[in-house]
Q: 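Structure incoming, see below.
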Amino acid sequence: MKSQLRIPLHTSPEQAARLQALQTVFAQACNSIAPLVQQTGIWNRVALHHLAYKALRAKYPAIGSQMACNVIYSVSRASRLIYQHPSSPFHVSRLGGKALPLLHFTNAAPVYFDRHTLSLKDGQLSMFTLDGRMRFQLALQTQDEARFHHQKLHEIVLARRSDGAFELCFLFSPKTTAKKNQRNPALTDTTTDELPDYVTVEEQT
């Protein structure tokens, strides 16, 4: 079973502005490739990477190569939930032959990180931003720090709460479960059964 660890970031106004700038550009980058998904019907992460990566890097050079991969992951993940989740009103089986609806990521969309764009060592957090690395000192509980050593880390997500503060969410699972799921990457790729509230859906006529 997967579990979450949420860590609030105590930011200065300048740091908050930098994180908000990253979140805005990340959402814009997602929106730049969402029409490609709508037009081609391709949202598999690997296939979408082949279709979208080169143009994405050219249009948004500031996000870097690895964050471009995270943008593609974000679009793939949201598309899978919108188009394939059994309870989604936009499930492909309910479209009746109509074109896929177009997804739009709001500026509240989360930013996905990975081990290349975020690192945590000895309580020191280092994370990618558009204008260089940002660092925080985190006071982790002993049991929380142990999770990074003894559990499988699946996702790292930066999100902005309703009060405007930023927090990081780390998604873990036991390593024994992770080994079983390696046979089916989709099991480790989808982290929730909830439809994303940061995506609006524009139905095509």
Q: Atom OG of Ser12 and atom CD of Gln15: how far apart are they, to the nearest 0.5 Å?
A: 3.5 Å
Q: Closest heavy-atom contact between His49 and Cys69?
A: CE1-SG, 3.6 Å
Q: Under 6.0 Å between the ring centres of Phe170 and Phe148?
A: yes
Q: Got Leu81 and Pro196 here, is their nearest side-chain heavy-atom distance under 4.5 Å?
A: yes
Q: Heavy atoms only: give me the nearest Ile33-Ala52 pair and the separation to one decimal.
A: CG2-CB, 3.7 Å
Q: Is the closest side-chain donor-acceptor distance between Arg6 and Gln4 under 3.5 Å?
A: yes
Q: Between Glu167 and Ile7, is any pair of side-chain heavy atoms under 4.5 Å apart?
A: no
Q: Roughly how far, to the nearest 0.5 Å, is OG1 of Thr117 from CD1 of Ile63?
A: 11.0 Å
Q: Is it true that a side-chain atom of Arg160 and a backbone atom of Ala109 form a donor plus acceptor pair closer than 3.5 Å?
A: no
Q: Keeping to residues at least two apart or across chains, list the side chain to side chain donor-acceptor pair (under 3.5 Å) pairs with something in residues 34-43.
A: Trp43-Gln84
Q: Under the side chain to side chain donor-acceptor pair (under 3.5 Å) rule, what pairs show up with a residue in residues 138-147, not counting sequence neighbours?
A: Ser3-Arg147
Q: Are the side chains of Val201 and Leu103 in contact, using a 4.5 Å heavy-atom criterion?
A: yes
Q: Taking atom CG of Leu125 and atom CG of Leu118, what is their separation to the nearest 0.5 Å?
A: 4.5 Å
Q: For His91, check side chain to side chain donor-acceptor pair (under 3.5 Å) against everything at least two apart and list the hits.
A: Ser93
Q: Any side-chain heavy atom of Ser65 within less than 4.5 Å of one from Arg57?
A: yes
Q: Would a distance-only check, ignoring hydrogens and angles, find a side-chain to backbone donor-acceptor pair under 3.5 Å from Arg45 to Val75?
A: no
Q: More than 12 heavy atoms of other residues, nucleotides or ligands under 6.0 Å from CZ of Arg115: is that the case?
A: no
Q: Ignoring hydrogens and geometry, is there a side-chain-to-backbone donor-acceptor pair from Tyr83 to Pro101 under 3.5 Å?
A: yes
Q: Could you state the interatomic distance from CZ (Phe26) to CG (Asn107), rounded to the nearest 0.5 Å?
A: 12.5 Å
Q: Quick check: closest heavy atoms across Ala78 and Val199, and the distance to 0.1 Å?
A: CB-CG2, 4.3 Å
Q: Side chain of Ser173, backbone of Lys2: donor and acceptor closer than 3.5 Å?
A: no
Q: Using the rule given for side chain to side chain contact (heavy atoms under 4.5 Å, CB included), can you reason through Val92 versus Leu100, listing the C-alpha separation, both sets of side-chain angles and the distance that settles it, and then say yes or no?
A: CA-CA 7 Å; Val92 289; Leu100 289 175; 3.8 Å; yes
Q: Of Met134, Arg133, Lys121, which is the lone residue that meets side chain to side chain contact (heavy atoms under 4.5 Å, CB included) with Ser126?
A: Arg133
Q: Are Gln124 and Arg135 linked by a side-chain donor-acceptor pair shorter than 3.5 Å?
A: no
Q: Between OG1 of Thr129 and CE of Met67, what distance do you get to the nearest 0.5 Å?
A: 9.0 Å
Q: Of the non-hydrogen atoms in Phe128 and Phe113, which two are nearest, and what is the gap between them?
A: O-CE2, 3.6 Å
Q: Considering non-hydrogen atoms only, spot the tightest contact between Tyr60 and Ser32 and give its length.
A: CE1-OG, 3.7 Å
Q: One pair to check against side chain to side chain contact (heavy atoms under 4.5 Å, CB included): Asp131 and Arg18. What are the steps and the verdict?
A: CA-CA 8 Å; Asp131 52 357; Arg18 288 172 63 186; 3.0 Å; yes
Q: When you compare the side chain of Val157 with that of Val111, does any pair of heavy atoms fall below 4.5 Å?
A: no
Q: Within a 6.0 Å radius of atom CG on Asp122, are there more than 12 heavy atoms belonging to other residues, nucleotides or ligands?
A: no
Q: Evaluate the side-chain proximity of Asn44 to Ser76: yes if any heavy-atom separation is below 4.5 Å, no if none is.
A: no
Q: Just by distance, with hydrogens left out, do Asp114 and Gln66 show a side-chain donor and acceptor under 3.5 Å apart?
A: yes
Q: Can you check whether Ile42 reaches Val37 side chain to side chain, under 4.5 Å on heavy atoms?
A: no
Q: Drop me the distance from Arg77's CZ to Ile82's CD1, to the nearest 0.5 angstrom.
A: 10.5 Å
Q: For a 4.5 angstrom cut-off between non-hydrogen side-chain atoms, does Phe166 reach Pro8?
A: no
Q: Are Leu195 and Leu102 connected into the same hydrophobic cluster when the rule is that any two of I, L, V, M, F, W, Y join if their side-chain heavy atoms are below 4.5 Å apart?
A: no
Q: Which atoms form the tightest heavy-atom contact between Phe172 and His154, and what is the distance?
A: C-CD2, 4.1 Å
